[in-house]
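None of these values were measured; they are calculated from a predicted model.
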Amino acid sequence: MDSLQVLDLSNNHLSGEVPNCKSPSLTFLQSLHLNGNDLSGKFPPFLKYCNQLIILDLGENKLSGKIPTWVGSNLPLLRFLRLRSNMLHGAIPANIADLGFLQVLDLSSNNLFGTIPSSLGNLNAMVVMQNYSRLIIDIGNYNYSEGILINAKGSTNMYTAILSLVTSIDLSNNNLYGEIPKELMNLVELHFLNLSRNHLTGMIPEKIGNMKQLESLDLSINFLIGEIPLSLSTLNFLSYLNLSYNNLSGRIPVSNQFSTFNDPAIYVGNEGLCCTPLPKCSKDAESEATAADVDKLERTLYIGSIVMGFIVGFWGSIGIMILRHGIRIALFQLIDRTCDWIYVQVAVKLKKLKC
């Protein structure tokens with residue numbers, strides 16, 4: 001079938017290995033869906049000859065082995081690569097970044113290990129806004145509208161009509177380690193990023209605020225440390241966030257987009273995090289307690305001064321009428337010194353509490 005352009009055998013009960021072709025074939029193939037079966041064996045080697053391929057979906061099978069490096073060099077038109085839920089192992093090939101049209105990269109739920117290639121920050125279709133129309137493949141006398149499953153915002157959905165506008169990277173549920181490459185922050189047109197369920201360390205890059213189109217960010221179940229970058233609060237399209245089960249610490253931002261994230265579950269498992277919607281930070285609690293003590297003391301002193309003023313005034317007036325001139329003068333001097341001493345003591349005490 002040398003002229004075959006679309007082959008969709010997804011969601012069946014196919015088993016065994018994908019047949020290999022000894023010579024170049026299916027060279028006109030643009031879309032291949034074998035996802036949702038029970039296929040085994042290594043990555044189909046005949047695909048290296050399918051240089052017209054736009055969509056490759058081999059997800060939800062039992063394919064093993066490594067992702068071949070020729071994927072980045074022999075499939076120059078590839079826009080959607082979905083290999084999730086297989087048994088692939090090894091490192092992510094750095095030259096996948098050579099796929100200049102790649103919009104969706106889903107390698108989740110495999111046994112991949114190593115660091116995240118910094119070269120992924122060069123995926124051109126996620127750096128520069130593309131002007132793609134709806135993804136329709138012209139087959140003879142009719143058009144075939146494409147669709148693909150994408151896991152984002154905490155759920156899996158089929159994208160069809162707006163598929164050509166979607167950009168997504170999902171590397172979740174693997175054995176990746178090391179820091180999040182700062183180069184990923186160059187992907188200013190990326191919509192969905194999922195790096196959860198790995199062994200990533202280090203801090204969330206401060207320049208993550210550069211990713212202005214980001215709608216969904218999942219960094220949960222890793223070993224990330226440090227504070228949540230304030231620049232995250234500037235991502236106006238961010239509607240889904242999950243930072244749970246890391247080692248993050250410090251105050252949770254409360255401004256801009258973070259005012260919409262009121263579910264404590266997205267921060268749970270980070271014992272060092274505090275502030276809304278989690279319990280208040282210890283410094284805030286100390287400040288509030290100090291302020292309460294100051295207010296209580298001020299009220300007590302105020303009431304005490306009223307009572308003392310009444311006593312001194314009342315008995316002073318009575319005493320003036322019954323005491324002699326000399327004693328009366330001495331009494332006034334004593335009262336004056338007593339009031340000065342009380343004023344000084346109160347002023348010093350209040351200053352210490354407020355500090």
Exercise. Quick one: does D57's side chain have a donor or acceptor within less than 3.5 Å of a partner on G59's backbone?
Worked result: yes
Exercise. Which word best sums up how the rings of Y159 and F192 line up, parallel for under 30°, tilted for 30 to 60°, or perpendicular for over 60°?
Worked result: tilted
Exercise. Looking at S108, S85, S109, which one forms a side-chain hydrogen bond (donor to acceptor under 3.5 Å, both in side chains) with N173?
Worked result: S109
For this session: Would you check if the side chain of N12 reaches a backbone N or O of S10 as a donor-acceptor pair within less than 3.5 Å?
Result: yes
Problem set entry | Reported CG-to-CG distance for the pair L273 and L243, which is rounded to 0.5 angstrom | 8.0 Å
Exercise. Between the side chains of N157 and S155, is a donor N or O closer than 3.5 angstrom to an acceptor N or O?
Worked result: yes
Exercise. Any donor-acceptor pair under 3.5 Å linking the side chain of N246 with the backbone of S244?
Worked result: yes
For this session: Grab the two heavy atoms, one from K42 and one from L63, that are nearest each other, plus how far apart they are.
Result: O-CD2, 4.1 Å
For this session: Spell out, as yes or no, whether a donor-acceptor pair under 3.5 Å connects the side chain of N110 to the backbone of N86.
Result: yes
Exercise. Between S216 (side chain) and K153 (backbone), is there a donor-acceptor pair under 3.5 Å?
Worked result: yes
Exercise. About how many Å separate CG of L81 and CD1 of I55, when rounded to the nearest 0.5 Å?
Worked result: 11.0 Å
Problem set entry | Donor-acceptor pair, side chain of N222 and main chain of N198, under 3.5 angstrom | yes
Exercise. Between the side chains of D38 and S15, does any donor sit under 3.5 Å from an acceptor?
Worked result: no
Problem set entry | Distance (rounded to the nearest 0.5 Å) between L219 CG and L232 CG | 8.0 Å
Seminar exercise, completed: Of all heavy-atom pairs linking F261 and Y240, the shortest is CE2-N, 4.3 Å
Seminar exercise, completed: Between T167 and the options Q213, E215, Q103, H191, the side-chain hydrogen bond (donor to acceptor under 3.5 Å, both in side chains) test singles out H191
Exercise. Can you tell me if E17 uses its side chain to pair, donor with acceptor, with the backbone of G41 under 3.5 Å?
Worked result: no
Exercise. Between S64 (side chain) and M87 (backbone), is there a donor-acceptor pair under 3.5 Å?
Worked result: no
Seminar exercise, completed: Only one of L107, N194, I150 passes side-chain contact (heavy atoms from CB on, under 4.5 Å) with D170, and that residue is N194
For this session: Quick one: do F43 and L58 satisfy side chain to side chain contact (heavy atoms under 4.5 Å, CB included)? Show the steps, please.
Result: CA-CA 9 Å; F43 201 95; L58 304 178; 4.1 Å; yes
Exercise. Any sub-3.5 Å donor-acceptor pair from S233's side-chain atoms to F258's backbone N or O?
Worked result: no
Problem set entry | Euclidean distance, I96 CD1 relative to I169 CD1, rounded to 0.5 Å | 10.0 Å
Problem set entry | Whether D218 side chain and S220 backbone form a donor-acceptor pair below 3.5 Å | yes
